[in-house]
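Remember, it's 1-based here, ligands and their atoms both numbered in the order they're listed.
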Amino acid sequence: MVATDNFQKPTKEAKFNLADYLKERQKLCETALDQAIPIVYPEKIYEAMRYSLLAGGKRVRPILCLATSEMIGGTIEMAMPTACAVEMMHTMSLIHDDLPAMDNDDYRRGKLTNHKVYGEDIAILAGDGLLALAFEFVATQTPSCIPKERVVQVLARLGKALGAAGLVGGQVVDLESEGKPDISLETLNFIHNHKTAALLEASVVCGGIIAGASVEEVQKLTRYSQNIGLAFQIIDDILDITATQEQLGKTAGKDLKAQKVTYPSLWGLEESRSKAQQLVEAACVELESFGQKAIPLQAIAHFINSRNH
Ligand code: GRG
């Protein structure tokens, strides 16, 4: 089955066309991101920020954010500033991850990496600029009808997901694990729960908070997103082995070359696929109480598993 086939809930409810849904949401996100960063003086930094932000990408995180807001009863407009913010943060982390001091990559999203085009100094600053703008954007662009306590909660969650308790912490343990072929499953899970799952979780949960999710709903969203977060990384590891550079838009086979411990290196390809499937199914179960409204988020969970890039 291809990634964007019609997703039909087993309970034979109305058909949901995931391909159309993703295409429409991606377009909305592209427009909002484009408008978020006009080019003013000093032009170079805004151009560098836009270069990576508008270079494509699946836009999984903002789409998750918007879908969650809608499932909880909110709207796309309410959640769009937060959706843009998570994509700015994600892009920032990619720019810094690709730097020579980190993963040292030449390609990302099918284009030369930011530092290859603008130099390391500007690439670092472009990442910093995107990170700062993300917080400013949520604080200033979220519609005024949204209670301020929700906005503060979102800002706090985003900060935590990115900092030492999130992406930064995961990246540190990843760097420390380089060249160690015997790292444990526990360490691998720590790395990816922080590097990858934390921002996916924040994307979902913050979309819910903006729309006024209850404590119990936030708990369900948290469990859903932690499951898809780990599944996302398992598939990422599999694709590093099975996909081409053209499909990925970045160097393929990097993990194997660097002798990195990955899920397929611990479990093999087949078991890794099966574990990802189990995680996606567990994620979908978490949302069952939302009925038909959960169909988009459940379909996105399946897409995460069947994607080819
Ligand atoms: C956050 C302050 C701060 C610093 C960054 C460099 C770093 C610290 C963390 C690395 C985080 C990282 C790059 C994790 C990998 C996550 C991942 C699986 C990326 C691929 O995401 P996709 O497939 O990419 O959604 P597209 O291009 O489609 O958006």
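Counting the atoms of ligand 1 from 1 in the order shown, those under 4.0 Å from a heavy atom of Asp97 are 6 (C), 10 (C), 13 (C). Close approach to Arg109 involves these atoms of ligand 1, each under 4.0 Å from a residue heavy atom: 26 (P), 27 (O), 29 (O). Close approach of ligand 1 to Leu162 (heavy-atom distance below 4.0 Å) involves ligand atoms 1 (C). Atoms of ligand 1 lying under 4.0 Å from at least one heavy atom of Gln233, given by number and element, are 18 (C). The ligand atoms of ligand 1 that sit less than 4.0 angstrom from a heavy atom of Val168 are 2 (C), 3 (C), 4 (C). Heavy-atom proximity to Phe232, at under 4.0 Å, picks out these atoms of ligand 1: 18 (C), 21 (O), 22 (P), 23 (O), 25 (O).
Of all protein heavy atoms, the one lying nearest to atom 15 (C) of ligand 1 is Thr196 OG1, 4.0 Å. In this structure, atom 28 (O) of ligand 1 lies nearest to the protein heavy atom Lys58 NZ, 2.8 Å.
Aromatic rings from His192 and Tyr263 are positioned such that their centres are separated by under 6.0 Å.
Proximity annotation for atom 20 (C) of ligand 1: of Lys195, Gln171, His90, His90 comes nearest, heavy atoms only.
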Start with the C-alpha gap between Thr142 and Arg150, add the side-chain angles, then the distance that decides, and say whether side chain to side chain contact (heavy atoms under 4.5 Å, CB included) holds. CA-CA 10 Å; Thr142 300; Arg150 290 188 200 167; over 6 Å; no

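Under the 3.5 Å distance criterion, with hydrogens and angles disregarded, a donor-acceptor pair is assigned to the side chains of Lys220 and Ser289. There is a side-chain donor-acceptor pair under 3.5 Å between Gln233 and Thr196. A side-chain donor from one of Gln277 and Asn305 sits under 3.5 Å from a side-chain acceptor of the other. Thr113 and Asp106 are not linked by any side-chain donor-acceptor pair at a separation below 3.5 angstrom, with hydrogens and angles left out of the test.
In this structure, Val60 has no heavy atom closer than 4.0 Å to ligand 1. Assignment of Arg61 to the shell around ligand 1 is supported, since a heavy atom sits closer than 4.0 Å.
Under a cut-off of 6.0 angstrom, the local environment of CZ in Phe190 is crowded, with over 12 non-hydrogen atoms contributed by other residues, nucleotides or ligands.
Heavy atoms of Met92 found under 4.0 angstrom from ligand 1 belong exclusively to the side chain.
In summary, Asp97 and Arg108 engage in a salt bridge, as defined by a charged side-chain N under 4.0 Å from a carboxylate O.
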